[in-house]
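First the structure, in the form of structure tokens, and then the observations on it.
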Amino acid sequence: MKERIHMNLQSTTRLANGVDMPWLGLGVYKVKEGQEVIDSVKAAIEAGYRSIDTAALYANEEGVGQAIRGSGVSREELFITTKVWNSDQGYESTLSAFEQSLSKLGLDYVDLYLVHWPVKGKYKDTWRALEKLYADGKVRSIGVSNFQIHHLEDLLGEAKVKPMVNQVELHPLLSQTGLREYCAAQGIQIEAWAPLAQGQLLDNELLQRIADAHGKSIPQVIIRWDLQSGIVTIPKSIKSERIAANADVFDFELSAGEMAQIDSLNVNRRIGADPDNFNF
């Protein structure tokens, strides 16, 4: 925990395969293709972000790629994540979907490729495809998204390469403690999507009190809680001032008591779909 106190926006966590992944990145879910996503990604990179998280589903990979090329920052300094969508899952179809994503992004490789959801009967074949992409050097690291413990146990029974990351819905209302402990024991880095609970915590009195004590905002307190908890986090915004504010979290520290208070907000409330019961 101590090493996470003296962090900055370029600070990284070392994945199980030795690849360094930034603790804080920009998520672009529901950011419109074209100028909106180009402007968001450019604003993030200008603010010092080096990690961008997209997905085939988001239909904005082309804009993300355009912003990267126009950013003036070398490709090697950036960490780009994308994901295979459910309808493309399966071995051959995943390989093909990856090539499509790579082409849209206009990149030679991606830093992290994820299985977007644990589609029953398909995710093991999908994982085999990711293992091949990894072996072929087309991706620097591979992982999963929205996998529960039983999905991971099922996958690990046959996987040749262990997932390096599990990206899940995670915020103070859904703190996923059991899953976090399991992933930590397996050497799998947890990453939070919807870290700000899509605005559902912005009027929380406890978080407001903690924010006031530090002269910070509620989103900044939540992002700081993620970082001090060892959670990689990718808050989304399309406003350049909000993107910059979300990264202004390295000049204060939450006390152990404040961390425990935020932990106590957990009510296992999902905003997104249940990984055990989704139909897309």
Side-chain angles (χ1 to χ4, degrees), residues 13 15-17 19 21-31 51-61 64 79-90 93-94 97-98 101 105 110-131 133-134 139-156 159 161-171 174-176 178-180 182-184 186-198 226 231-236 270-280:
T13 176
L15 302 180
N17 66 337
V19 167
M21 177 181 190
W23 283 107
L24 181 57
L26 177 77
V28 296
Y29 176 54
K30 287 190 172 169
V31 180
S51 173
I52 310 294
D53 178 278
T54 185
L57 173 73
Y58 307 168
N60 56 20
E61 290 170 314
V64 168
F79 190 97
I80 309 301
T81 302
T82 193
K83 313 175 190 80
V84 57
W85 183 237
N86 302 348
S87 55
D88 288 322
Q89 285 203 37
S93 45
T94 294
F98 174 78
S101 283
L105 286 160
V110 297
D111 298 277
L112 177 62
Y113 197 44
L114 302 178
V115 181
H116 209 149
W117 286 84
V119 176
K120 207 174 279 186
K122 286 199 169 175
Y123 63 74
K124 287 186 185 176
D125 285 336
T126 306
W127 187 251
R128 281 196 306 115
L130 265 65
E131 289 179 329
L133 293 167
Y134 180 61
V139 294
R140 294 180 68 223
S141 40
I142 51 176
V144 294
S145 186
N146 301 301
F147 276 49
Q148 305 281 67
I149 292 173
H150 69 93
H151 297 123
L152 288 166
E153 286 177 334
D154 184 43
L155 187 64
L156 291 174
V161 180
K162 198 182 272 194
M164 289 134 205
V165 172
N166 185 15
Q167 184 186 117
V168 295
E169 179 182 346
L170 199 161
H171 42 73
L174 180 71
S175 58
Q176 302 260 34
L179 180 62
R180 279 159 56 190
Y182 176 83
C183 286
Q186 292 291 337
I188 300 169
Q189 175 63 52
I190 277 277
E191 179 177 17
W193 64 259
L196 306 178
Q198 293 179 355
D226 280 332
I231 299 161
V232 167
T233 187
I234 44 167
K236 169 227 165 176
R270 288 186 184 280
I271 289 156
D274 181 344
D276 285 322
N277 185 25
F278 62 95
N279 57 358
F280 45 77

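Being a predicted model, the structure only gives us computed values, none of them experimental.
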[X] vs [Y] side-chain heavy atoms within contact, under 4.5 Å:
X      : Y      : value
Val165 : Val232 : no
Asp276 : His151 : yes
Pro275 : His150 : no
Leu24  : Pro235 : yes

ask   = Any ion pair linking Arg128 and Asp125 (charged N to carboxylate O, less than 4.0 Å)?
value =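 Looking at Arg128 together with Asp125, the answer is yes, because their closest N to O distance falls below 4.0 Å.
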
| task | Decide yes or no on side chain to side chain contact (heavy atoms under 4.5 Å, CB included) for Lys83 and Leu57, but give the supporting numbers first. | result | CA-CA 8 Å; Lys83 313 175 190 80; Leu57 173 73; over 6 Å; no

Determine, step by step, whether Ile142 and Asn17 satisfy the side chain to side chain contact (heavy atoms under 4.5 Å, CB included) criterion, reporting the C-alpha distance in whole Å, the side-chain angles of both residues, the deciding distance to 0.1 Å, and the verdict.
CA-CA 10 Å; Ile142 51 176; Asn17 66 337; over 6 Å; no

Looking at [X] and [Y], what are the two nearest heavy atoms and their distance?
X      : Y      : value
Arg140 : Val19  : O-CG2, 3.6 Å
Tyr123 : Gln89  : CA-OE1, 3.5 Å
Trp127 : Ala159 : NE1-CB, 3.5 Å
His116 : Ala55  : CE1-CB, 3.7 Å
Pro163 : Leu156 : CD-CD2, 3.7 Å
His171 : Ala194 : CD2-O, 3.3 Å

- prompt: Between Gln186 and Asn166, does any side-chain donor sit less than 3.5 Å from a side-chain acceptor?
  reply: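 Their side chains do not contain a donor-acceptor pair, so the 3.5 Å distance test is not met.
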
Kindly compute the distance separating [atom1] ([X]) from [atom2] ([Y]), expressed to the nearest 0.5 Å.
X      : Y      : atom1 : atom2 : answer
Ile231 : Thr13  : CD1   : OG1   : 12.0 Å
Thr94  : Glu131 : OG1   : CD    : 12.0 Å
Glu191 : Leu170 : CD    : CG    : 10.5 Å
Gln176 : Ile190 : CD    : CD1   : 7.0 Å
Leu130 : Leu112 : CG    : CG    : 9.0 Å
Gln189 : Ser141 : CD    : OG    : 11.0 Å

query: Does the side chain to side chain contact (heavy atoms under 4.5 Å, CB included) test come out yes or no for Val84 and Phe98, once each step is laid out?
result: CA-CA 7 Å; Val84 57; Phe98 174 78; over 6 Å; no

query = Taking the side chain from Trp23 and the backbone from Asp226, do they hold a donor-acceptor pair closer than 3.5 Å?
reply =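 No.
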
Checking the side chain of Asp88 only, and the main-chain atoms of Ser93 only, is there a donor and an acceptor separated by less than 3.5 Å?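 No, because the side chain of Asp88 does not come within donor-acceptor range (under 3.5 Å) of the backbone of Ser93.
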
Item to complete: Carefully, step by step, assess Val64 and Val28 under the rule side chain to side chain contact (heavy atoms under 4.5 Å, CB included).
Response: CA-CA 9 Å; Val64 168; Val28 296; 4.2 Å; yes

Worksheet item: side-chain contact (heavy atoms from CB on, under 4.5 Å) with Asp53: which of Tyr29, Tyr58, Trp193?
Response: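 Single pass found, and it is Tyr58.
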
| request: Establish, yes or no, whether a centroid distance under 6.0 Å links the rings of Trp85 and Phe280. | output: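 Yes, the ring centres sit under 6.0 Å apart.
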
Practice item. If the plane angle is over 60° it's perpendicular, under 30° parallel, otherwise tilted; pick one for Phe278 and Trp117. Key: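 If you compare the ring of Phe278 with that of Trp117, the planes turn out tilted.
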
Note to self: Once side chain to side chain contact (heavy atoms under 4.5 Å, CB included) is applied, do any residues pair with Ser101, and if so which ones, sequence neighbours excluded?
What the structure shows: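 For Ser101, the residues satisfying side chain to side chain contact (heavy atoms under 4.5 Å, CB included) (neighbours in sequence not counted) are Ala56, Glu61, Thr82.
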
Practice problem: Check side chain to side chain contact (heavy atoms under 4.5 Å, CB included) between Glu153 and all other residues, then give those that pass, not counting sequence neighbours. | Solution: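 If we apply the side chain to side chain contact (heavy atoms under 4.5 Å, CB included) test to Glu153, skipping adjacent residues, the hits are Ile149, Tyr182.
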
